[in-house]
Amino acid sequence: MDDSLSFESLLRGAGKAADKAMEDHGRGEYDEFALHGGVAVERLAKAVLVKKNPIYLVEMRNGNSDLLLYFGGHLEIEPEKVRTVGANEALKRLRRMGVLPPDPKLDLLIELRNGTAHTTVGDQAKALLPTLAENIEALLKAIQIPLHQFWERWTSTVNVVVDRHRNEVQRDVEIRIKLARHLFADRFKNLPAEIKERALQKEEDIVRGIKINSANGALALASTMPCPACDADARVELLPISEVPVGASLRPESLSCRLCGLNLNGREEIEAAGVGDNTFVVPPIVHLQWRADQPMEVDTDGLHAN
């Protein structure tokens, strides 16, 4: 049988595709995530079928017994004539064997990968990371392959993905932080250490700009704080805890990091990342006045946060 259809080759291909799928999800490239996630499932499903019996890869549609003999090891066929089952049929066979349960979300992932789902891929695929992780876990269990052997550096991230003890926001934020750490490590891989050190060099804790929201009299500022994923200076947008123009305490409302790509929005995500208790104070030497009926934007540089 062709080496590309061996158990080892299919398992290795599934691992490479799964690694790419995790990178895609971390970068927010959900179309690519659906593509590589679907490939990972298909190749791993075929690896399980081969492990149980190579003839389970036979495509029965044409009724040609030559492929049956080929996968049974009793007939040679030119490689270009070899056909195997598609992803949907492979999953159907594994479900009939009790290896996988029915899962409409997994079926959707395969449809998105094949381009047959009538929807915007990214909108649907973003939420399918737990589906990918859970079904790969079930397939690995069938061939007695440990999770860490397959997922390698993504193992701790996948453990979070399938952890039902966290609420949805906590799980989502922790996954994004772990993904961002991997992307940060990839960015500086094989580069001199001083480049990474220079990128992580801290700047002064400076309030970089002031934006007045005249609709409700709220004050918002932009500053920096350590990124929870890579510890670089991440940009944070701040909102007041008390709406006074002088000496107001502020809390982070959004965070974005240019080095690792982590983005957090809203108080709940900020708190889930463990940075919700950090507060900034408008310097007492700064006094702001505005009228609610006059929208305005004020940009200032060099204001230091306490």
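Not one N or O on the side chain of R235 forms a donor-acceptor pair closer than 3.5 Å with the backbone of T224. Side-chain atoms of N263 come within 3.5 Å of backbone N or O of G261 as a donor-acceptor pair. At least one donor-acceptor pair under 3.5 Å links the side chain of Q170 to the backbone N or O of N167. Side chain of R267 to main chain of P252: no donor-acceptor pair is present (N/O by atom type, distance under 3.5 Å, no hydrogens or angles). The backbone N or O of N265 lies less than 3.5 Å from a partner atom in the side chain of E269, making a donor-acceptor pair. The closest donor-acceptor contact from the side chain of H25 to the backbone of K126 lies under 3.5 Å. Judged by distance alone, with hydrogens and angles left aside, the side-chain atoms of R93 form no donor-acceptor pair with the main-chain N or O of L49 at under 3.5 Å. T155 contributes a side-chain N or O that, together with a main-chain N or O of E152, makes up a donor-acceptor pair within less than 3.5 Å.
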| Criterion salt bridge (charged side-chain N to carboxylate O under 4.0 Å, His left out) on D107 and K92, from CA distance to verdict | CA-CA 10 Å; D107 295 337; K92 185 184 297 184; over 6 Å; no
| query | Run the side-chain contact (heavy atoms from CB on, under 4.5 Å) check on L108 and Q124 step by step: do they pass? | reply | CA-CA 8 Å; L108 175 60; Q124 294 281 350; 3.4 Å; yes
| query | Please walk me through it: do L109 and R113 pass side-chain contact (heavy atoms from CB on, under 4.5 Å)? | reply | CA-CA 6 Å; L109 178 63; R113 171 263 172 120; 5.7 Å; no
| query | Can you check side-chain contact (heavy atoms from CB on, under 4.5 Å) on L11 and K51, steps first, answer last? | reply | CA-CA 10 Å; L11 181 63; K51 187 73 170 179; over 6 Å; no
| task | Take E137 and V158 through the test side-chain contact (heavy atoms from CB on, under 4.5 Å) and record every step on the way to the result. | result | CA-CA 10 Å; E137 182 177 8; V158 171; over 6 Å; no
| task | Step by step, work out the salt bridge (charged side-chain N to carboxylate O under 4.0 Å, His left out) result for E23 and R153. | result | CA-CA 11 Å; E23 291 180 355; R153 65 172 182 155; 2.8 Å; yes
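Atom CG of residue L179 and atom CD1 of residue I175 lie 7.0 Å apart, to the nearest 0.5 angstrom. In this structure, CD1 on I177 lies 6.0 Å from CG on L264, to the nearest 0.5 angstrom. In this structure, the separation between OG1 on T131 and CD on E134 is 6.0 Å, given to the nearest 0.5 Å. Expressed to the nearest 0.5 Å, how far CD1 of I195 lies from CZ of R187 amounts to 11.0 Å. The CG atom of D186 sits 12.0 Å away from the SG atom of C260 when rounded to the nearest 0.5 Å. Atom-to-atom distance recorded for N135:CG and L44:CG is 10.0 Å, nearest 0.5 angstrom.
The heavy-atom pair separating V50 from S6 by the smallest distance is CG1-C, 4.4 Å. L100 approaches A138 most closely through the heavy-atom pair CD2-CB, 3.7 Å. Closest non-hydrogen pair, F188 versus L259, comes out as CZ-CD2, 4.1 Å. Nearest approach of I136 to A18, heavy atoms of both residues: CD1-CB, 4.4 Å. Of all heavy-atom pairs spanning C257 and A234, the tightest one is CB-CB, 4.1 Å. Closest approach of A229 and L262 over heavy atoms only: CB-CD2, 4.0 Å.
Following chains of ILVMFWY side-chain contacts shorter than 4.5 Å, one can reach L140 starting from L91, so the two form part of one hydrophobic cluster. L106 and V161 fall within a single hydrophobic cluster, where Ile, Leu, Val, Met, Phe, Trp and Tyr are joined by side-chain heavy atoms under 4.5 Å apart, directly or via other members. F150 and W154 fall within a single hydrophobic cluster, where Ile, Leu, Val, Met, Phe, Trp and Tyr are joined by side-chain heavy atoms under 4.5 Å apart, directly or via other members.
The side chain to side chain contact (heavy atoms under 4.5 Å, CB included) test with V48 singles out one residue from L10, L94, I145, and that residue is L94.
With respect to R181 and D231, no salt bridge is recorded, no charged nitrogen being found less than 4.0 Å from a carboxylate O. Using a cut-off of 4.0 Å between Lys/Arg side-chain N and Asp/Glu carboxylate O, K46 and E42 are scored as salt-bridged. Looking at D172 and R176, a side-chain N of the basic residue comes within less than 4.0 Å of a carboxylate O on the acidic one, giving a salt bridge.
Contact of the W151 side chain with the D19 side chain is not registered, since no non-hydrogen atoms from C-beta on lie closer than 4.5 Å. In this structure the side chain of P228 reaches within 4.5 angstrom of the side chain of L255, judged on heavy atoms. V39 is listed as a side-chain neighbour of R43, based on a closest heavy-atom distance under 4.5 Å. Annotation: side chain of L200 is in contact with side chain of F184 (closest heavy-atom distance under 4.5 Å). Within the 4.5 Å cutoff, no side-chain heavy atoms of L112 are placed close to those of D31. In this structure, the side chains of V85 and V58 stay at 4.5 Å or more apart for every pair of heavy atoms. A 4.5 Å side-chain heavy-atom check between V173 and I270 finds every atom pair outside the cut-off. Side-chain contact between Y56 and M97: present, with at least one pair of heavy atoms (C-beta onward) separated by less than 4.5 Å.
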